Amino acid sequence: MEQLNPHSVLVTGSNRGLGLELVRQLAKKSNPPKWIFATCRDPAGPRAQDLKNLAAEHPQIVIMALDADDPSSVKAAAAKVTECVKGAGLNLLINNAGIANGSTLETETPESMAETYRTNVIGPMIVVQVFIPLLRKAAKGSSLKGMSCSKAAIVNISSEGGSITNVLEWQRGHIIAYRCSKCALNMLSKCQSLHLAKDEILCVALHPGWVRTDMGNLLGTAPMTLEQSLRAILNTLGHLSEKNTGTFINWEGNLVPL
Ligand code: NDP
């Protein structure tokens with residue numbers, strides 16, 4: 001984990017589940033980032049209480065509103081980050097926010113397909129578009145060679161459920177909208193990696209494992225704890241380089257087939 005040393009990190013959907021644990025483990029590192037932008041839809045509401053309690057113990061955590069479905073809130077968050085980092089840019093952007101429902105192939109609806117695509121694919125697309133200038137600034141201002149998550153990177157939290165080759169846990173649930181959205185997110189990550197390679201901005205899609213969260217428990221009791229998943233993910237992020245950009249990996253850094 002000590003190899004991961006970004007000055008600034010932004011996480012979407014950080015008020016619960018994987019996002020909250022990610023912020024917790026980043027803040028507890030022996031060399032925490034100077035800025036941890038912990039974003040969520042409703043910082044003032046009761047669903048952000050755990051995040052607020054965590055932020056009260058760690059001054060690096062800055063809580064901000066960011067609704068991945070609302071471009072104006074993404075732009076407002078980018079303006080606040082710009083103000084905080086004072087020309088330094090943003091090193092690590094983690095698109096973690098996501099939604100899922102338990103639909104089957106026969107019960108899936110156009111509305112839920114569209115809603116899921118909006119949050120899980122259009123959301124990360126807009127967030128990256130808006131934050132590209134800050135990521136470029138971080139890449140340009142860094143003395144680190146090559147690509148890394150300490151320099152400038154986008155991590156899209158995807159799912160092996162969206163792997164056409166593996167179709168993880170099909171017998172447990174069809175979750176059609178979710179699988180299709182994560183498959184599209186993998187393509188988006190690849191496209192981002194191709195476009196941003198010249199700027200030395202690393203882009204990966206990452207499957208966090210099947211983890212015990214509200215979403216993870218949709219398909220039964222998930223085998224992994226949040227602590228296990230995020231400990232492995234932070235270790236993996238510390239080892240990524242230009243060799244990994246454009247790939248789909250799991251929490252341990254192993255390639256997942258598309
Ligand atoms: P949870 O359902 O526990 O948490 C989802 C988070 O996303 C919440 O913070 C939620 O906020 C937020 N969110 C949802 N929609 C939006 C939006 N429009 N804008 C901003 N935030 C939003 O899920 P997990 O923690 O399990 O999942 C995190 C990521 O990991 C997701 O992308 C998921 O697909 C992926 N993943 C999870 C797996 C697992 O086993 N848990 C397996 C594979 C992938 P709010 O409280 O406001 O609803």
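Just follow the structure's listing: the first ligand is 1, and inside any ligand the first atom is 1. When a residue number appears, it is its place in the shown sequence, counting from 1. This structure is a prediction, so every number in the text was calculated from the model and none was measured. Both backbone and side-chain heavy atoms feed into the values below; hydrogens, waters and symmetry mates do not.
- A salt bridge links D214 with R16: at least one charged nitrogen is closer than 4.0 Å to a carboxylate oxygen.
- Around the CG atom of L255, the shell of radius 6.0 Å holds more than 12 heavy atoms that belong to other residues, nucleotides or ligands.
- Protein residues having at least one heavy atom under 4.0 Å from any atom of ligand 1 are G13, N15, R16, G17, L18, R41, R47, L66, D67, A68, D69, N96, A97, G98, I99, T119, I157, S158, S159, Y178, K182, H207, P208, G209, W210, V211, T213, D214, M215, G216, listed by chain and number.
- Applying the 6.0 Å contact sphere to CZ of R118 captures no more than 12 heavy atoms from other residues, nucleotides or ligands.
- Partner N95 forms a side chain to side chain contact (heavy atoms under 4.5 Å, CB included) with one of V127, L185, V155 and no other, that one being V127.
- No donor-acceptor pair closer than 3.5 Å links the side chain of H7 to the backbone N or O of K34.
- When the ring-ring contact (aromatic ring centres under 6.0 Å, His included) test is applied to F248, no partner is found at least two apart in sequence or on another chain.
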